[in-house]
Amino acid sequence: MNFDDTPEEAAFRARARAWIADNAPHALKPELEVAGFGHLHLQSTDALAASKAWQKKKAGAGWAAPRWPKIYGGGEVSPIEQVIWGQEEGVYAKLAGPFVIGLGMCGPTVMHWASEEQKRSLLPRLAAGEDIWCQLFSEPVAGSDLAGIRTRAERDGDEWVINGQKIWTSGALDADWGLLITRTDPGVAKHRGLTMFFLDMKSPGVEVRPIRQMNQESSFNEVYFTDVRIPDAQRLGAVGEGWSVALTTLMNERQSIGGSMPTGVPELFDLCRDMDLLDDGAVIARLAKFAARSSGLRYTAFRSISALSRGEQPGPENSIGKLVAGSLMQEVAQFALDLEGEAGLVEDPLLAVHQGRFQAMLLRSPATRIEGGSDEILRNIIAERVLGLPADIRVDKDLPFKEIPSGAAAR
Amino acid sequence: MNFDDTPEEAAFRARARAWIADNAPHALKPELEVAGFGHLHLQSTDALAASKAWQKKKAGAGWAAPRWPKIYGGGEVSPIEQVIWGQEEGVYAKLAGPFVIGLGMCGPTVMHWASEEQKRSLLPRLAAGEDIWCQLFSEPVAGSDLAGIRTRAERDGDEWVINGQKIWTSGALDADWGLLITRTDPGVAKHRGLTMFFLDMKSPGVEVRPIRQMNQESSFNEVYFTDVRIPDAQRLGAVGEGWSVALTTLMNERQSIGGSMPTGVPELFDLCRDMDLLDDGAVIARLAKFAARSSGLRYTAFRSISALSRGEQPGPENSIGKLVAGSLMQEVAQFALDLEGEAGLVEDPLLAVHQGRFQAMLLRSPATRIEGGSDEILRNIIAERVLGLPADIRVDKDLPFKEIPSGAAAR
Amino acid sequence: MQLDFSEEQRALQADVRRFFERACPISTVRKVIDSGDSHDPVLWKQVSEQGFLAAAIPEAFGGAGAGYLELCLVAEEVGRALAPLPAVSSLYQAAELILMTGSDAQKRTWLPRIASGDVIATVAVAEAAGNVAADLISAQVSGGKLTGRKWPVSDGLVADLAIVAARCDQGISLYLVDLASAGVSRRAVKSIDPSRPQAEILFDGVAVELLGAAGEGLGLIDAVRDRAAILVAFEQIGGAQAALDMARDYALGRYAFGRPIGGFQAIKHMLADMYVSLELARSNSYYGAWALATNAPQLPLAAATARVSAIEAYKLCSSNNIQTHGGMGFTWEFDCHLHYRRARYLASVLGTSPLWERKLVAAYRSAA
Amino acid sequence: MQLDFSEEQRALQADVRRFFERACPISTVRKVIDSGDSHDPVLWKQVSEQGFLAAAIPEAFGGAGAGYLELCLVAEEVGRALAPLPAVSSLYQAAELILMTGSDAQKRTWLPRIASGDVIATVAVAEAAGNVAADLISAQVSGGKLTGRKWPVSDGLVADLAIVAARCDQGISLYLVDLASAGVSRRAVKSIDPSRPQAEILFDGVAVELLGAAGEGLGLIDAVRDRAAILVAFEQIGGAQAALDMARDYALGRYAFGRPIGGFQAIKHMLADMYVSLELARSNSYYGAWALATNAPQLPLAAATARVSAIEAYKLCSSNNIQTHGGMGFTWEFDCHLHYRRARYLASVLGTSPLWERKLVAAYRSAA
């Protein structure tokens with residue numbers, strides 16, 4: 001038990017740190033430090049341009065996609081080295097927002113399923129931030145039930161014609177490429193009639209509409225397809241094999257390790273200190289329970305890092321992060337507003353207590369409990385994959401897709 | 001809105017109160033007041049004898065089964081009058097323990113399904129406490145899934161031969177009669193092959209074994225049947241119609257209205273007062289939330305009584321009582337022991353804080369959350385019957401009973 | 001015993017519900033939010049003409065004189081409809097304070113105009129983070145002039161009259177302030193519930209008139225908030241019921257894995273827990289209504305109990321309603337967040353749970 | 001970074017687990033409970049011979065000298081096996097106190113005999129309801145003689161040596177008391193966890209010996225309980241894991257409605273929540289182990305954090321294990337209640353959650 005690097009890790013860390021000291025956009029640091037949840041906004045410069053510049057610079061030195069093969073624009077570092085890189089990159093990692101989906105999900109899928117030629121043309125541009133990728137999976141009627149998607153792809157010679165709608169697509173407005181799952185055969189069982197493509201987002205017939213969230217930000221979009229044409233060469237995997245391709249993508253979704261998610265607990269401590277409430281028994285009781293959960297998340301992430309450092313795969317403990325963090329942040333926000341009294345009604349960053357950060361948490365945390373796997377889906381995953389309990393009964397498993405009941409909400 | 005009796009109710013209450021003043025076993029009052037959960041124990045006299053004496057005396061004046069027709073030993077009072085009677089009977093109602101199952105569940109079932117002759121012979125004795133009844137429903141492999149029972153009844157001329165085992169039978173040791181559900185046809189779907197009987201508990205082949213609970217009391221028994229013979233005349237309902245008969249019984253189980261269940265909250269207030277903790281913020285926060293739930297239960301019961309007083313059926317609000325009270329009591333007990341510090345380790349009534357009542361609650365409350373419908377079953381009932389949500393998928397609904405998977409636990 | 005409303009009262013409630021269904025569809029709420037208005041003046045005029053919210057103001061002062069039980073049921077419908085109206089400020093608090101402690105002249109001057117909706121009144125107590133307390137009040141009256149800053153003030157931008165808590169020689173007192181007076185400046189501040197807007201008000205030597213006995217300001221605020229808490233609890237159970245109904249309907253109509261999501265136990269049990277929480281709050285609120293209507297000595301305990309459980313029920317129902325709706329639940333377009341925001345407004349506006357938990361235990365203690 | 005145990009430490013843990021599986025099946029626990037014995041002397045002798053529980057006592061004083069990380073893993077196995085042993089009293093507290101503050105002579109006298117299991121020691125602080133505090137201690141030493149009454153004392157009936165907190169001229173001090181001395185009388189009192197028995201001890205002018213500095217008794221208790229809290233947290237996560245495993249196995253084997261009950265979301269999600277709670281506690285406990293082993297300045301914060309979350313995890317896992325088992329879960333015959341009782345014992349024995357919540361916040365505060 002120790003919190004020290006191995007000698008190899010220490011050497012790597014020193015190298016990363018030195019490179020960052022020489023190359024990072026230090027002028028942006030103060031702004032990045034206070035940047036909150038959601039889309040990055042910068043006062044001093046265009047955030048997307050700053051993001052692209054930093055990504056490009058990282059790519060030149062192999063830091064852009066640290067784990068990837070060098071031939072595809074990567075740095076070929078080990079898993080623990082990637083974690084160390086992330087620790088050292090610190091606030092500058094907030095600049096990577098536009099590339100997270102591409103690097104974390106689309107890239108690995110392309111790497112597994114595309115032709116060598118495609119990989120060599122697409123991946124280095126992705127790594128260098130020259131192309132932005134988005135993931136076109138969820139649909140209005142297919143959220144937790146992803147295999148229920150309905151966007152049609154119909155073959156027309158060497159091309160496919162796409163019609164339908166996707167939703168919850170992060171970054172679609174800026175994206176150059178999209179990873180698109182479609183239904184090519186509604187006459188077979190739902191998991192069997194799917195096919196995956198990658199799509200030029202500038203193709204005719206693609207329309208992106210931002211979704212306004214309850215907190216008035218727009219992190220997500222709807223994407224509509226009207227007779228959009230995709231060359232068959234941009235198919236990933238065989239026709240009807242789309243579900244297997246999607247599993248590659250989704251498995252990568254859950255692999256991010258390193259930081260634990262924000263919980264609001266340190267901020268709540270600051271609030272209580274400023275309000276002189278740290279001797280109030282009611283505050284102590286809640287604060288201690290919150291802190292114990294937050295601390296548990298932190299050291300759970302440390303355990304995963306320790307496994308990487310030993311060269312092992314982290315265990316299932318990593319699966320609890322978002323489930324705990326989402327509702328913890330919501331409870332923390334509600335409790336903070338309880339402490340603020342009537343002043344908690346004010347959202348105005350200029351007037352509100354602690355710049356309105358708890359009001360922002362209150363309005364952001366419901367999304368955390370849903371996006372990327374709802375609390376209910378995560379509990380099912382833990383129950384089934386970690387504890388080995390039986391899967392839910394699926395009444396639609398063997399039905400032809402078009403015969404599956406879909407209710408009024410589907411129309 | 002008022003807490004007053006109508007003039008008719010006031011007159012009834014006066015009559016009940018006067019009769020109780022003249023007839024109740026006042027000498028037992030102090031002991032009854034401190035009697036806790038579970039089986040009644042009295043120092044001064046045999047509890048069962050005292051119970052029988054009070055029941056007999058009530059029967060003579062029509063108070064024993066207030067709602068029943070007089071011809072069957074009842075008093076023919078209205079639902080609200082029954083509630084008023086219960087309020088006036090007060091602690092003496094604790095003497096009715098041995099008759100609760102008979103009066104509340106077996107009696108109504110007999111009244112609905114038995115022949116007139118049987119009713120006239122059985123019900124007045126039940127009402128008067130001369131016969132004690134028990135309910136032989138649950139089995140080791142059939143708890144929440146009651147229709148999964150396996151105790152076999154096989155026809156032999158004018159008799160049926162019973163083999164199998166029941167469990168969770170309250171009062172079986174003292175019982176004269178039992179209401180028994182059996183499987184008469186394992187070749188049809190599970191709800192269709194059941195048949196109901198009433199059984200002389202002194203029949204050869206009936207063996208009762210008390211179950212020791214975790215709190216070391218024995219409120220329940222196992223009952224074993226080895227070639228027990230029942231005359232066909234003691235069948236209730238048609239062969240194969242047992243599920244309908246059981247529903248009569250179960251519907252009556254949920255009808256008790258009047259008092260709300262104990263929650264431990266007043267006792268917790270007393271503890272906090274005695275320990276001088278009522279100014280501690282942490283205590284205040286928990287206590288207030290507990291009190292709000294406890295108070296909510298109390299006034300929910302009042303709303304049901306109000307409906308009865310208007311001559312209406314109470315609404316679904318009555319269904320929340322046990323669900324709330326069970327876990328509330330468990331939380332209250334844990335919190336009380338948290339306040340007691342290390343002294344909470346002591347269960348000894350002679351030494352422990354507040355005579356060990358919170359230790360007793362801690363060890364009793366897990367049973368409350370399970371008996372007569374587990375928390376999970378109650379949430380299903382609320383979701384389905386109150387909110388109108390779909391029933392769970394039943395994979396075994398249409399299978400012949402003998403083909404239903406039953407797992408290792410059934411063997 | 002009748003811990004319930006009468007048939008006549010239920011009939012009134014049904015009328016009020018139909019009125020709001022017609023006059024206050026969700027588009028009315030959204031119009032107020034999108035426009036940045038304080039409330040919907042047309043709706044306010046209609047409600048005032050019907051006398052719904054003035055139910056508990058005596059006829060002698062221009063009210064409907066119906067009573068508090070009726071007002072509770074109106075409040076439930078206000079909550080269900082998410083009506084963008086200054087009811088909590090003007091009726092449940094300001095009018096009640098004037099009724100409770102105003103001079104005859106003050107009552108005659110203000111109550112008829114509040115009852116008719118011509119005057120919107122509000123209460124300005126808070127100045128800083130934390131629940132109301134003497135040491136958090138630095139606004140001050142000397143020589144009959146008020147100086148200080150109050151925030152947040154609900155409906156403060158549109159109110160004509162404010163009852164302001166300020167420091168004087170005798171301690172904290174309440175003052176009536178005509179907000180059209182010289183020396184008053186105010187601005188809107190962004191509210192967590194934009195359908196219930198907030199303001200900051202600066203008082204720079206503003207002429208004021210004492211309301212109630214000098215030095216008894218905090219006691220009066222405490223007393224009026226006991227009364228208002230019960231009315232707000234009815235808004236909360238109305239809102240919680242609406243959120244539960246939304247979640248139930250969505251769970252029945254939304255399919256996943258070939259069946260309605262309302263058939264999965266995770267959703268069924270979440271909704272059952274919402275129902276349980278709501279029923280507990282409802283029962284406590286009914287008891288509160290009785291205590292309010294009869295001015296029972298149990299009022300403080302009943303108010304705190306109703307408020308603690310109604311805050312919890314509306315929080316739970318509004319956040320689980322979002323959860324039931326999944327992704328759509330956190331869009332601006334769906335109405336789930338309107339309840340989530342309103343739940344937070346109502347949880348904050350009369351002081352938050354920790355304050356009421358203290359009040360509950362103190363009341364239980366003195367009752368025992 | 002290695003916030004985890006080494007392969008060698010895991011191998012030791014596996015040995016200890018196999019040892020307890022063989023030497024301490026659940027029948028051993030039940031034998032102690034049914035007989036009313038204090039512990040299982042055969043098991044105690046075996047454990048002592050193996051040196052498992054003396055892992056952190058230096059070899060110079062007869063211990064195994066392995067270290068605290070090893071002791072943490074032994075504690076996890078004690079918890080998993082529900083072992084009926086006086087570990088919390090004799091090793092985690094009494095031995096630690098003597099190590100921490102004893103004179104050389106005291107260490108030489110007692111530690112080897114505690115390490116060998118020949119002496120069972122305990123700590124006697126409580127006298128009344130409530131967590132430890134100076135004003136709850138009235139036992140008193142004057143002229144070298146102790147008079148007073150202590151209850152509950154864990155393992156007090158069988159202990160040979162007690163470390164007693166008592167009042168003297170300088171405040172509260174700790175004293176070593178040979179329980180065979182004249183003037184000691186004791187009796188068993190019924191324990192919520194009969195596998196961890198309690199006693200009441202009366203001291204009537206008993207000769208004692210000061211341990212540590214006079215007047216610093218409560219500070220020493222506080223310090224030793226920070227250390228013990230981490231060891232107890234490992235017992236708790238061992239117990240919680242065992243309860244979760246029991247529940248999972250039962251949910252897989254028990255059928256209702258034609259399928260394993262573990263296939264219903266109500267059960268699946270309950271078990272998932274147990275797992276989550278346990279993982280949080282486990283991670284906090286690992287951090288605590290690091291702080292204990294390195295005597296880090298973060299020890300008080302790490303101890304309080306581990307304890308708060310381990311109490312919660314074992315409570316949740318042990319009560320939901322009963323719930324998963326349904327009716328059988330609350331029988332005496334099934335083992336569910338043994339964990340439920342042990343969870344309560346471990347939640348009470350070093351002082352309860354409210355005390356540790358205060359300690360957590362105080363430590364966080366002084367760390368920040």
Side-chain angles (χ1 to χ4, degrees), chain B residues 138 140-145 148 167-168 190 211-216 220 271 274-275 277 280 282-283 330 334 337-349 351-353 356 359 362-363 366-367 369-371 374-376 379-380 392 394-397 399 404-410, chain D residues 125-133 136 151-152 154 189-194 196 198 200 250 252-261 264 266-267 270 311 315 319 322-323 325-334 336-338 340-341 344-345 347-355 357-358:
Chain B
S138 295
V141 294
S144 295
D145 181 13
I167 196 170
W168 311 124
K190 63 195 260 198
I211 298 169
R212 191 176 178 199
Q213 291 149 226
M214 61 180 276
N215 64 352
Q216 313 216 39
F220 305 102
L271 177 72
D274 289 355
M275 290 184 67
L277 291 171
D280 178 319
V283 171
Q330 191 168 28
Q334 291 279 16
L337 297 203
D338 282 346
L339 298 179
E340 292 184 9
E342 289 178 81
L345 289 168
V346 180
E347 235 199 296
D348 240 326
L351 180 63
V353 183
Q359 287 78 4
L362 187 78
L363 297 176
R369 294 182 53 197
I370 292 163
E371 63 192 352
S374 70
D375 287 0
E376 289 72 30
R379 286 198 185 93
N380 253 14
D392 291 348
R394 295 280 183 244
V395 294
D396 62 347
K397 211 173 43 189
L399 290 179
I404 294 174
S406 59
Chain D
V125 179
E127 301 182 13
N131 280 309
V132 53
L136 294 181
W151 73 276
S154 290
V189 297
K190 199 176 166 199
S191 167
I192 192 108
D193 176 8
R196 301 286 56 250
Q198 304 298 321
E200 177 186 42
Y250 192 79
L252 285 171
R254 169 82 183 184
Y255 278 56
F257 306 106
R259 42 196 288 239
I261 62 169
F264 289 92
I267 301 290
M270 181 161 71
I311 285 176
K315 267 189 201 170
S319 64
I322 296 175
Q323 190 70 16
H325 278 72
M328 299 315 300
F330 64 80
T331 62
W332 182 266
E333 177 195 352
F334 270 49
C336 306
H337 71 105
L338 303 182
Y340 188 67
R341 292 170 179 275
R344 190 60 241 181
Y345 164 73
S348 292
V349 70
L350 302 173
T352 58
S353 293
L355 173 75
E357 287 158 7
R358 276 174 204 282

B:K190, part contacting chain D, at a heavy-atom distance under 4.5 Å: side chain
Contact winner vs chain B - D:R358, D:R341, D:E200, heavy-atom pairs under 4.5 Å: D:R341
Engaged part of B:L362 at the chain D interface, taking heavy atoms whose separation is under 4.5 Å: both
Max heavy-atom pair count under 4.5 Å with chain B, selected residue of D:S353, D:P260, D:C336, D:G327: D:G327
Note: B:D338-D:K315 ion pair, threshold 4.0 Å (strictly below): yes
Steps toward side chain to side chain contact (heavy atoms under 4.5 Å, CB included) verdict (B:E340, B:Q359): CA-CA 11 Å; B:E340 292 184 9; B:Q359 287 78 4; 3.0 Å; yes
Verdict with reasoning, B:D145 to B:K397, per salt bridge (charged side-chain N to carboxylate O under 4.0 Å, His left out): CA-CA 12 Å; B:D145 181 13; B:K397 211 173 43 189; over 6 Å; no
Choice from D:A347, D:A126, D:P152 maximising heavy atom contacts with chain B below 4.5 Å: D:P152
Max heavy-atom pair count under 4.5 Å with chain B, selected residue of D:M328, D:Q323, D:Q198: D:Q323
Which atoms of B:L345 approach chain D - backbone, side chain, both or neither, heavy atom under 4.5 Å: both
Under 4.5 Å from a heavy atom of chain D, the part of B:N215 involved: backbone
Residue among B:E347, B:M275, B:Q330 with most heavy-atom pairs under 4.5 Å to chain D: B:E347
Chain D contacts, top residue of B:L351, B:I404, B:D375 (heavy-atom pairs, under 4.5 Å): B:L351
Contact summary for D:T331 and B:W168, nearest pair of heavy atoms: CG2-CH2, 3.4 Å
Interchain contact, D:F264 with chain B, by part (heavy-atom threshold 4.5 Å): side chain
B:D280 CG to B:L339 CG distance, which is reported to the nearest 0.5 Å: 8.0 Å
Contact leader toward chain D among B:L337, B:V283, B:L399, where contacts are heavy-atom pairs under 4.5 Å: B:L337
Full working for side chain to side chain contact (heavy atoms under 4.5 Å, CB included) between B:I167 and B:I211: CA-CA 9 Å; B:I167 196 170; B:I211 298 169; 3.5 Å; yes
Region of B:Q334 in contact with chain D, defined by heavy-atom distances below 4.5 Å: both
Per-residue contact mode, D:R196 against chain B (heavy atom under 4.5 angstrom): neither
For the student: nearest non-hydrogen atoms of D:A128 and B:A343, plus distance: O-CB, 3.7 Å
Residue pair D:G258 / B:D396: nearest heavy atoms and the distance that separates them: N-OD2, 3.4 Å
Chain B contacts, top residue of D:G351, D:P354, D:A266 (heavy-atom pairs, under 4.5 Å): D:P354
Distance-minimising heavy-atom pair for D:L355 and D:L350: CD2-O, 4.0 Å
Closest-packed option against chain B by number of heavy-atom pairs under 4.5 Å, given D:I261, D:V189, D:I311: D:V189
Minimum heavy-atom distance D:H325-D:F334, with the two atoms named: CD2-CD2, 3.6 Å
Per-residue contact mode, B:D392 against chain D (heavy atom under 4.5 angstrom): side chain
B:F220 to D:F330 - nearest heavy-atom pair and separation: CE1-CE1, 3.7 Å
Residue part contacting chain D, namely of B:R394, when any heavy atom lies under 4.5 Å: side chain
